[in-house]
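Single-structure report; data block below.
The sequence lines fix the lettering, A, B, ..., with proteins before strands; numbering per chain opens at 1. Computed over heavy atoms, backbone and side chain alike; hydrogens, waters and symmetry mates excluded.
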Amino acid sequence: MELSKNYIPQEAENKWYEHWVKSGYFSSTPNEKPAYTIVIPPPNVTGVLHMGHCLNNTIQDILIRRARMQGYNACWVPGTDHASIATEAKVVQMLREKGITKSSLTREEFLAYAWEWKEKYGGIILQQLRKLGCSLDWDRTSFTMDDDYYQAVIKIFVQLYNDGIIYRGLRMVNWDPASKTALSDEEVIFKEIDSKLYYVKYPFVNSNSKNPNSNTDPSTLNPQLSTTNSQLPTPNYIMVATTRPETILGDVAICVNPTDERYKDWIGKEVIVPIINRTIKIIADEYVDAEFGTGALKITPAHDKNDNEIGRKHNLKTIDTLDADGKFATEQLMDEQPNELVMSYHGMDRFDLRKKIVEDIAALGLIEKIEDYKGQVGTSERTGAIIESRLSMQWFMDMKTFLGKHPETLSAVMNDEIKFHPAKLKNTYNHWLENIKDWCISRQLWWGQQIPAWYDENGTFVVAENLETAQKLYVERCKLNDTTYNPELSTLNLKQDEDCLDTWFSSWLWPMEVFKGISHPNNAEVNYYYPTTTLVTGQDIIFFWVARMIMAGFEFKQQIPFKDVYFTGMVRDKQGRKMSKQLGNSPDLLGLIDQYGADAVRFGIMIASPAGNDLLFDESGLEQGKLFGNKLWNALKLLHILNEKEKQVDDTSESTFASLWFEQRLNEVNISIEQDIKEFKLSEALKKIYSLIWDDYCSWYLEWIKPPQDQPINQYNIEKAFFFFEELMKMLHPFMPFITEEIYHSLNDRKEGDDITVSQLAIHNMQSIDERRTILNQGDVLQKMITSIRDVRIKQNLKPKDEIELQLPIAYQNELNPIIKTLQKQSFATSVSFVSEPVEKSITFMVDKMQCSFTTEKEIDTTQQKEQLEKERDYLNGFLLSVEKKLSNERFIQNAKPEIIEIEVKKKNDAIEKLKIIEESLNLL
RNA sequence: GGGAGCAUAGCUCAGCUGGUUCAGAGCAUCUGCCUUACAAGCAGAGGGUCCGCGGUUCGAACCCGUGUGCUCCCA
């Protein structure tokens, strides 16, 4: 077989992926085998592959490939999320480039464009996952707006509405003025932003004033001293510190803390709102933090959540001065007959208004000062726009009640029925559930599941899966003599709610609806695959998605949705910064795959990815992966070269020790990585396989069985070497699928259908524990001896191949017998003999408790050796002292477990024995 | 402001129930080698106040308290 000098990933990768798919290896249908199911966290349909996906999906692929090789019916379901805000924004932008505005289109026209866009560009990411080698069952590709899926979402909306869990109401919501929609709390990202704190004076209403609401010239209200208090002069204004002066025209009160001595006497007094000259009261509420600003807070119930609550508590009016775009709106001010200045603000953007209004208030002399201020500001996760708190009519889910129905949502995680990896995230989960807020599920968008509520001309509505049912329902309600339902109105005029549902309101059904568990309940597929086995996802969507899927599981299937959740950390760059477009530190993944090969990319990501921690991405990891691929390729080449040599049959244990030893190492690591993978320590497992291949197999084993030039190779060993390499490729396959498949086919001729992807992992020729330990110990001693001899050679300035004669202690002859043949070859010794004490003019060295030595014709220099022995002696003396001290400590003897004492005694005896040998060696020098 | 977590070699991290000659791995560094699978390699070596302080214990990287520094989540 001719092999190229190096492995060329690009050719092999395309070839094998096509072959796997064509062979149907990734397709799964229910059968008698146990299922291992993973549903992909559906990437946005607008998405392109980035490092986060790469990490996520590589992990899933490793788990699913390994499960497949362990005899499970492995099923990994691909798909995409319709991502209403992100997609709608993309489509709107695309239309804008064509000169079309969304407002000029009907809903149907817009959706037609959106679908066209989706068919054309959506799901690029799924193609990219193929490049990465992901073994997804493409026949099952799902989309959260597929017909059945859409109906499933509508169905559960109606169901939850009928159960009283979903309600409609006027509430403060997080408003994104950029996309003109409400957002759930989870979609708001708090950021620290440099802003200013404006100190604004609100003049007291002049008691002499005849008409406080008249457009008095505010300049007459310049602060003067009045004497409300006989002792202290009091200014005739109250000063308020605000970061949001643009909302001043919506102010309805000033609030102070009732315990605040400064303002105690002012409660109940009236002041005038600048510019608009509205008269408002000073009220008191515990909520106000006396430490912040001036201790006086302006209350704008229309534009702040907390203000809104205070407003409700104190029965204050709500005056909305901003429209859906975040522009100033005068509609709600018209009753007050606003002056020209106020009217001139109409349509002004909130941030322009902030500047303008500050100027205008300053012109009235009512700005005391402006300070720099760092504040937390909510921004939209999707558009980045600063969030406005806005009162609007929205649909909500009553999460407290819902959770009350399903306390298992919390307990299943806390008692590990659903296992979180890392477990520390259980705390986060617990904390969120205990402080859960209602979920705003409506969005003012068109791309998504349209809310199935139908309204009559008066705004009275019914909730039903479709118009027909809605009409029937409406008629029924009329018959019940409910006066809000008007039988006079034509039911044909029922109009569906314009808004659509939050994307997550569809994603939370993902693990069941990809198997049509909602749209076709209890079908054979969902019964077989659900609950799924493992979920792999980012920590950032633990609330958005994971928690809600668990709730959905209990509500709709009375079951957990998955057994294990593996949370990946965030991918950061080498300096620990988040990957972001702005920083430009997001690598081009497809470029990297082209450059290094998909296997190397997978390797590089996994080797640096400790379980549950953030991943610091560094291209050197990919380089290491590429070099590893090269190493594998070279080992393959060597195997073929050795195989072409003349074969020699010799089954003596001396000749086959290497194979016996490696087999046990292979089994040992196999068992150990099984445990690692169970615990999701994939990085650890990969490191172990890497080291097993590079160090144990290539550096030790292949060198041990390699015959000297022009000599035949041991038949048994070369056969085993091929076998072991194949097993190693199987172990590595889930991590690096392409090169292992390529090598699998280069090792032997394979029949059709004999591919590593569908091969099975197994433990072979497992010895008893005792035998295994003996063999592994012997291998260990062999390695130590070879290393020690190499070390001594370097220190003695001997070349690796300068001839030596090796002497080993006769007391250990039986133990050492199996390894001396290999030892002699690897240490280039002309002879090995067993002696009772070191021969003259030999160089001695210690291997464990064995005193070994060799002689050579060359002049030897004992000073270095002496130094080393003395160093070791000193260390051992110190060590012995500490052990003896411990053993002579009565309390230690009393309290320590017997096996610990035994170990200490053994340590002491070993040290004494070694010291004796060292002394002897030193005397010989 | 509330909560959670982290701190071990130059870097990234392992280190299980406190006890094995336990202070580890990989990368990086240094030294020597063109040894015929691989110089993209081989062989060998050095490198530490386990963040500071205090406590519990016969015994602490590990448990407790405290200080410092960092990260994340929530408001």
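Considering only side-chain N and O atoms, A:Lys801 lies nowhere under 4.0 angstrom from the phosphate OP1 or OP2 of B:rA43. Between A:Lys706 and B:rA37 there is a side-chain N or O to OP1 or OP2 distance below 4.0 Å.
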Under 3.5 Å between N/O atoms: give me all the protein pairs with nucleotides 1-4 of chain B, atom names plus distance.
{"from": "B:rA4", "atom 1": "O3'", "to": "A:Asn427", "atom 2": "ND2", "distance (Å)": "3.2"}

Any N/O pairs under 3.5 Å between the protein and nucleotides 9-11 of chain B? List them or say none.
none

Identify each atom pair where a protein N or O and an N or O of nucleotides 27-30 of chain B are less than 3.5 Å apart, giving names and distance.
none

Pairs under 3.5 angstrom, nitrogen or oxygen only, protein versus nucleotides 55-61 of chain B, please.
{"from": "B:rC58", "atom 1": "OP1", "to": "A:Asn895", "atom 2": "ND2", "distance (Å)": "3.4"}
{"from": "B:rC58", "atom 1": "O2'", "to": "A:Asn889", "atom 2": "ND2", "distance (Å)": "2.9"}

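Note on A:Ile900: a base of the nucleic acid sits closer than 4.0 angstrom, heavy atoms only.
For A:Phe617, there are no ring-ring contact (aromatic ring centres under 6.0 Å, His included) partners, not counting sequence neighbours. Listed by chain and number, the residues in a side-chain contact (heavy atoms from CB on, under 4.5 Å) with A:Val288 are A:Cys255, A:Asn257, A:Leu297 (sequence neighbours excluded). Residues forming a salt bridge (Lys or Arg N to Asp or Glu O under 4.0 Å) with A:Lys426 (at least two apart in sequence, or on another chain): A:Asp416. With sequence neighbours excluded, no residue forms a salt bridge (Lys or Arg N to Asp or Glu O under 4.0 Å) with A:Lys647. With sequence neighbours left out, the salt bridge (Lys or Arg N to Asp or Glu O under 4.0 Å) criterion links A:Arg790 to no other residue. In terms of the ring-ring contact (aromatic ring centres under 6.0 Å, His included) criterion, residue partners of A:Phe396 (sequence neighbours excluded) are, by chain and number, A:Tyr167.
A heavy atom lying under 4.0 Å from RNA chain B marks the following residues of residues 784-794 of chain A, by number: A:Thr787, A:Arg790, A:Asp791, A:Ile794.
With 3.5 Å as the limit, one finds no donor-acceptor pair spanning the side chains of A:Tyr566 and A:Thr537.
The strand RNA chain B forms stems, runs of 3 or more Watson-Crick or G-U wobble pairs with distances below 3.5 Å, at B:1-7 with B:68-74, B:10-13 with B:24-27, B:29-33 with B:41-45, B:51-55 with B:63-67.
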